[in-house]
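What follows is a short report on a single structure.
All figures in this text were calculated on a predicted structure; none of them were measured in a lab. All residue numbers in this chain count up from 1 along the given sequence. In each ligand, atom 1 is the first atom listed, and ligand 1 is the first ligand listed.
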Amino acid sequence: MEELALEGGQPVRKNLLPYGKQWLDENDRAAVLSVLESDFITQGPMIPRFEEAVATYVGAKFAVAFCNGTAALHAACFAAEIGNGDEVITTPITFLASSNCVLYQGGTPVFADIKPDTYNIDPVSIESKITSRTKAIIAVDFTGQPVEVNEIHRIARDHNLLVIQDAAHSLGAKYSDKKVGSLADMTMFSFHPVKHITTGEGGVITTDSQRLYEKLLLFRNHGMTRNQDIIMRNEGPWYYEMHELGYNYRMTDLQAALGLSQLNRLDDFVERRREIAMKYQNSFIEMPGIQIPYQHPQSNSSWHLYVIRFKKEAFDKNRRDIFAALRAENIGVNVHYIPVYRQPYYQQIGYEQTHCVEAESYYEEAITLPLFPRMTNEDVQDVVRAVKKIYDAYLRTNIRFS
Ligand SMILES: *Cc1c(COP(=O)(O)O)cnc(C)c1O
């Protein structure tokens, strides 16, 4: 057996392989430079072009770009008219933004449990959390695998709820052959550098609703309008009115140009992510004790993350030790995510009784392996070798798998 790097052996890699990373090329740089040399570096022509391209790609009528995905989610909660006392059901296994956006609007996030196989929000748990104050569901396509859209829509119809899809992980993914972005009342995509395409920081909401679209535009720009059809007076050509308390959540033209250029390579990026994920699946499927990501038959994931679970009962060491051993091999593993209600802030504002059984069990065992399009096949092999090395060292000797 090879000696683990953690115990003084040779690490599998000389330098750290990160879990995610952007891929920029000559065209991306040229696109940004051309905006730098133009008249508008913000509020110019690139924003509507990028928005139209995103809307077309996902098959939605409208897209509104924001300075980041979190701002986009905040705007979606505003457009959904979330306010004091309103409850919004979401998952605890997500990035903080998916529930913070509800708090920004004075609403109350309510955490439903996840499914033990997909790790996405469980429709049965959603139904059990509905009260007369429930207004919306924020469903997160965790790791890039779409949530069970049909079930969630049925619940939303039955209880008159709005569905916001947090698709930060699932640009390019499909559910029953329909692209994510055209499946919910509003869908959010993030363009942070670890996501499928990047604008540095950036986000977008897609929707088919003219009414929601107009609210999103208003919110992005201080609640200000010059629209002749809705202003109350007109004092002259300079005149504008503020109708809502909005923010400055605008994207710049530099970012939009980068996004437009990156969008050209999105399908290649997703294809490469799927290829790497399949290599992982094939490598780990024969390793009992490791739970590989289950894929729902109706979903076609775009694989933002690849998460495996080291089943507690199968190993001598816990997740913390396994994580440290992988890092010592220079594999940039990560954990996505700490259940949101465990955060000190959430504990202080009333979530100390919240406990989602499946989310907790997931959190104890999950490790995210590196996955990004620019990874070479050798990088993938390094990850597989490191996992096998640690598996051989830490697997319980007397374990029997049924
Ligand atoms: C990345 C991400 C967001 C948005 O993040 P920004 O960094 O603000 O663009 C929201 N939800 C999830 C699940 C994410 O992964």
Side-chain angles (χ1 to χ4, degrees), residues 18-22 50 54 63-78 80 88-105 109 111-112 114 118-121 136-147 152 163-173 180-181 184 186-206 216 219-220 247-252 255-256 258-259 262 269-270 273 293 301-307 334-341 343 346 359 362-363 366 368 371-372:
Y19 89 88
K21 193 178 165 182
Q22 73 277 11
F50 179 51
V54 171
V64 181
F66 291 89
C67 53
N68 57 63
T70 306
L73 280 174
H74 184 186
C77 287
F78 167 83
V88 178
I89 299 173
T90 191
T91 171
I93 299 298
T94 186
F95 182 57
L96 304 168
S98 317
S99 67
N100 284 353
C101 61
V102 177
L103 295 177
Y104 299 155
Q105 284 298 105
F111 295 101
I114 58 168
T118 62
Y119 317 139
N120 273 331
I121 194 165
I137 301 168
I138 299 180
V140 181
D141 297 335
F142 181 63
T143 71
Q145 167 160 236
V147 289
I152 290 172
V163 179
I164 299 169
Q165 200 163 351
D166 177 339
H169 296 186
S170 59
L171 182 58
V180 169
M186 288 179 274
T187 306
M188 185 280 291
F189 297 104
S190 163
F191 308 122
H192 182 276
V194 297
K195 307 286 165 68
H196 294 79
I197 62 168
T198 191
T199 60
E201 296 277 0
V204 84
I205 299 286
T206 60
L216 294 166
F219 193 72
R220 175 175 72 178
Y247 291 73
N248 175 358
Y249 275 172
R250 297 186 303 262
M251 182 182 262
T252 66
Q255 291 166 299
L258 179 55
Q262 286 259 294
F269 287 164
V270 171
R273 283 177 177 277
S301 178
S302 56
W303 292 102
H304 167 56
L305 300 174
Y306 187 89
V307 176
N334 225 308
V335 173
H336 296 92
Y337 294 93
I338 305 159
V340 173
Y341 55 77
Q343 294 296 339
Y346 278 82
Y362 164 85
Y363 174 60
T368 306
L371 173 56
F372 53 96

For ligand 1, run through the N/O pairs with the protein that fall under 3.5 Å and put one pair on each line.
| from | atom 1 | to | atom 2 | distance (Å) |
| --- | --- | --- | --- | --- |
| ligand 1 | 8 (O) | Gly69 | N | 3.3 |
| ligand 1 | 8 (O) | Thr70 | N | 2.9 |
| ligand 1 | 8 (O) | Thr70 | OG1 | 2.5 |
| ligand 1 | 9 (O) | Gly69 | N | 2.8 |
| ligand 1 | 9 (O) | Ser190 | OG | 2.7 |
| ligand 1 | 11 (N) | Asp166 | OD1 | 3.4 |
| ligand 1 | 11 (N) | Asp166 | OD2 | 2.8 |
| ligand 1 | 15 (O) | His169 | NE2 | 2.9 |
| ligand 1 | 15 (O) | Lys195 | NZ | 3.0 |
| ligand 1 | 15 (O) | Tyr337 | OH | 3.3 |

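- The aromatic ring centroids of Phe50 and Phe191 lie less than 6.0 Å from each other.
- Using a distance-only test at 3.5 Å, with no hydrogens or angles considered, a donor-acceptor pair links the side chain of Ser302 to the main chain of Leu171.
- In this structure, Phe189 has its ring center no closer than 6.0 Å to that of His196.
- Ring centroid separation for the pair His74 and Phe66 does not come in under the 6.0 Å cut-off.
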**Asked** Under the side chain to side chain contact (heavy atoms under 4.5 Å, CB included) criterion, do Thr91 and Tyr337 qualify, and how do the steps go?
**Response** CA-CA 11 Å; Thr91 171; Tyr337 294 93; over 6 Å; no

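- Under the side chain to side chain contact (heavy atoms under 4.5 Å, CB included) criterion, Thr90 pairs with Ser98, Ser99, Phe111, Ile138, Val140, sequence neighbours left out.
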